[in-house]
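Owing to the predicted nature of the structure, the values given are computational and were not obtained by experimental measurement.
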Amino acid sequence: MQGISLDFVGLKPFIQDYELKLMESSVFAAHDMLERKTGAGRNMLGWMELPSRISEEEINKIKACASKINKQADVFIVVGIGGSYLGSKAVIDLFTDTFNNLQKESERKHPQILFAGNNLSGKYLRNLIEYIQDKEVAINVISKSGTTIEPAVAFRILKLFLEEKYGVAGAAERIYVTTDSSKGVLKKISDANDYETFVIPDDVGGRYSVLTPVGLLPMAVAGIDFEDILDGAMFAAHVYNQRNIEHNECYKYAAYRNILQKKGKEIEILASYEPSFQYFIEWFKQLFGESEGKNLKGIFPAGVNFTTDLHSMGQFIQDGKRNIFETVINIKLNKSFIKLPKIACDEDGLNYLADKEIDYINKQAFLGTLQAHVSGEVPNIVINLDELNTYNIGQLIMFFEKACAISGYISGVNPFDQPGVEAYKKNMMDLLKMNDSINNL
């Protein structure tokens, strides 16, 4: 069942119907490049088939390891950067208690899930090591090559911590590796130490890897029904494969993005009125930023959390430079059901909202903001989720991945490489090695 629909009414003042029709040939060409695997990056299209090609054996292995981790650890640390952590962090935040990590160990159903290897902050690593000193710990290090500096640094420190705490053999029981099937530094380390290993498919890039063990193992540890996410993604893969721009909302979204860019709308702001979407927005930013931002092209992906950011970014969005458009994730049914109570004295003047659900108030903020921003010349696209559940989020993940690939091909770039990222890595490594040589003189 499709739990996602798009509302393009907020584009009517800015785009004419014929403009979408003019995009049809570009959309179809992009569709054909994906289906026939004739476009740039054709060897990195495994993400399109992930929901259907994962084996029962791998699903059972993920479940078994998650069960083991839940028994052995108070704290589970996911070590990775970019696509190696953003997807799992996004889903975990959506489907676990907001304050899960603050609960006592006896109150939590699953380990605390913390993240490392996504920065080079000495303060962060020091604080992490100090925090876990008296905790039972397991880690999942995620890297295709094993040479990405941020997770490599964190893994070395955490590996030594575990070996000092549990011994080499004991540490090996608590280290889970997600990496390449046959090559790379991390694969060699894993084989040498007999770590439990999961494979990142060769034909899946990091930012498209959330539906591989990269994302599925941490989700399973958090008690999330990852099979339901896969089912939702599989359904979306079918629905969003129609070679029809009118009825395929994914393709329509990709087309509208490119039309808006040609009209000078060069920044897309993904917004949500649910704070737990914060890291989903971060995942979206990486997906589109790394995929489209090359060859001096691309729409800059940004993100806001409303209503919070209406009190900071709201002014700019309403009255600033008119080079932006918004895509808003709206959850139709919110199941919190918390209401504003009525009080006798009405000293805060809020009794006119008494017995109204907080979500109702939030929805009025959404509708009022939508009207204001469209009137302020900010085109708006609304993605409606019938409700926030794992099946619908699986659909949403596949929706954005497919839209990103189509949009990238429309704009004439390879959506599956990241040469700019490699440039900074090379410069950083050159500087580190040069400074090391000078220090050894």
Side-chain angles (χ1 to χ4, degrees), residues 61-62 64-89 92 101 110-200 206 209 212-222 425 428-429 432-433 436:
K61 181 180 176 183
I62 290 170
C65 283
S67 178
K68 180 181 175 183
I69 291 164
N70 269 273
K71 291 173 183 174
Q72 70 184 172
D74 304 318
V75 176
F76 179 59
I77 303 174
V78 180
V79 181
I81 194 167
S84 295
Y85 94 102
L86 285 172
S88 62
K89 171 69 170 163
I92 288 167
N101 278 352
H110 309 285
Q112 278 184 308
I113 300 181
L114 305 179
F115 294 84
N118 49 53
N119 59 62
L120 287 170
S121 167
K123 178 180 184 294
Y124 186 96
L125 276 172
R126 181 183 180 88
N127 291 163
L128 177 62
I129 294 298
E130 289 172 348
Y131 177 73
I132 62 176
Q133 285 293 325
D134 60 347
K135 306 286 193 302
E136 297 297 324
V137 181
I139 70 172
N140 176 206
V141 57
I142 306 168
S143 175
K144 215 165 193 177
S145 66
T147 58
T148 304
I149 192 73
E150 293 91 344
V153 165
F155 179 48
R156 175 181 282 204
I157 290 171
L158 288 166
K159 178 174 179 287
L160 289 173
F161 169 84
L162 290 176
E163 289 177 348
E164 290 174 2
K165 187 178 179 73
Y166 301 109
V168 173
E173 286 290 313
R174 294 168 175 270
I175 295 174
Y176 302 82
V177 174
T178 309
T179 190
D180 192 89
S181 61
S182 59
K183 60 184 184 296
V185 172
L186 192 53
K187 173 62 176 171
K188 291 179 181 177
I189 293 172
S190 181
D191 288 346
N193 291 275
D194 199 26
Y195 298 148
E196 187 73 70
T197 306
F198 293 87
V199 173
I200 305 172
S209 66
T212 73
V214 168
L216 301 182
L217 178 60
M219 290 180 209
V221 173
K425 288 181 181 179
M428 177 175 64
M429 295 307 296
L432 289 170
K433 289 175 181 177
D436 183 60

Scan side-chain atoms only and decide if Asn140 and Thr178 contain a donor-acceptor pair under the 3.5 Å cut-off.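 Distance-only check passes for Asn140 and Thr178.
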Would you say Tyr166 and Glu136 are linked by a side-chain donor-acceptor pair, where the criterion is simply a distance under 3.5 Å?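 The criterion, which ignores hydrogens and geometry beyond distance, is satisfied for Tyr166 and Glu136.
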Aromatic plane relationship, Phe115 with Tyr85 - under 30° parallel, 30 to 60° tilted, over 60° perpendicular: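 Tyr85 and Phe115: tilted rings.
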Less than 4.5 Å apart, any side-chain heavy atom of [X] and any of [Y]?
X      : Y      : value
Leu186 : Asp180 : no
Val221 : Pro111 : yes
Phe161 : Ile132 : yes
Pro218 : Ile92  : yes
Lys165 : Gln133 : no
Phe155 : Ile157 : no
Tyr131 : Leu114 : yes

Please report the interatomic distance [atom1]([X]) to [atom2]([Y]), rounded to the nearest 0.5 Å.
X      : Y      : atom1 : atom2 : answer
Ser145 : Ile200 : OG    : CD1   : 9.0 Å
Asn101 : Gln112 : CG    : CD    : 4.5 Å
Lys187 : Lys144 : NZ    : NZ    : 14.0 Å
Ile62  : Leu216 : CD1   : CG    : 4.5 Å
Ile69  : Phe76  : CD1   : CZ    : 4.0 Å

For the residue pair [X] and [Y], what are the closest heavy atoms and their distance?
X      : Y      : result
Gly146 : Ala152 : O-CB, 3.8 Å
Pro151 : Gly80  : CB-CA, 4.1 Å
Ile113 : Ala222 : CD1-CB, 3.5 Å
Ala116 : Ile77  : CB-CG2, 3.9 Å
Ile81  : Gly117 : CB-O, 3.4 Å
Ser181 : Val199 : CB-CG1, 3.7 Å

Under 4.0 Å between a Lys/Arg side-chain N and an Asp/Glu carboxylate O for Asp191 and Lys188?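 No, Asp191 and Lys188 are not salt-bridged.
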So does Glu196 pair up with Lys61, basic N to acidic O under 4.0 Å?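 A salt bridge links Glu196 with Lys61.
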Judged by atom type as modelled, is there a donor-acceptor pair below 3.5 Å linking the side chain of Ser121 to the main-chain atoms of Tyr124?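 Confirmed, Ser121 side chain pairs with Tyr124 backbone.
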Is it true that a side-chain atom of Ser84 and a backbone atom of Gly82 form a donor plus acceptor pair closer than 3.5 Å?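 Absent.
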If you apply the rule side-chain contact (heavy atoms from CB on, under 4.5 Å), what do you find for Ile142 with Val79, and how did you get there? CA-CA 6 Å; Ile142 306 168; Val79 181; over 6 Å; no
Pairs satisfying side-chain hydrogen bond (donor to acceptor under 3.5 Å, both in side chains), at least one member in residues 72-83, at least two apart: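 Listed once each, the pairs are Gln72-Tyr176.
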Does any pair with a residue in residues 150-164 pass side-chain hydrogen bond (donor to acceptor under 3.5 Å, both in side chains), and if so which ones, sequence neighbours excluded?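 Found Glu150-Tyr424, Lys159-Glu163.
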From the options Ile139, Val137, Val153, select the one residue that forms a side-chain contact (heavy atoms from CB on, under 4.5 Å) with Leu158.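 Filter result, single survivor: Ile139.
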Run the side-chain contact (heavy atoms from CB on, under 4.5 Å) test on Phe198 and Leu217 for me, step by step, so that the C-alpha distance in whole Å, both residues' side-chain angles and the decisive distance to 0.1 Å come before the verdict. CA-CA 9 Å; Phe198 293 87; Leu217 178 60; 3.8 Å; yes
Can you list the steps and then say if Ile175 with Asn193 is a side-chain contact (heavy atoms from CB on, under 4.5 Å)? CA-CA 10 Å; Ile175 295 174; Asn193 291 275; over 6 Å; no
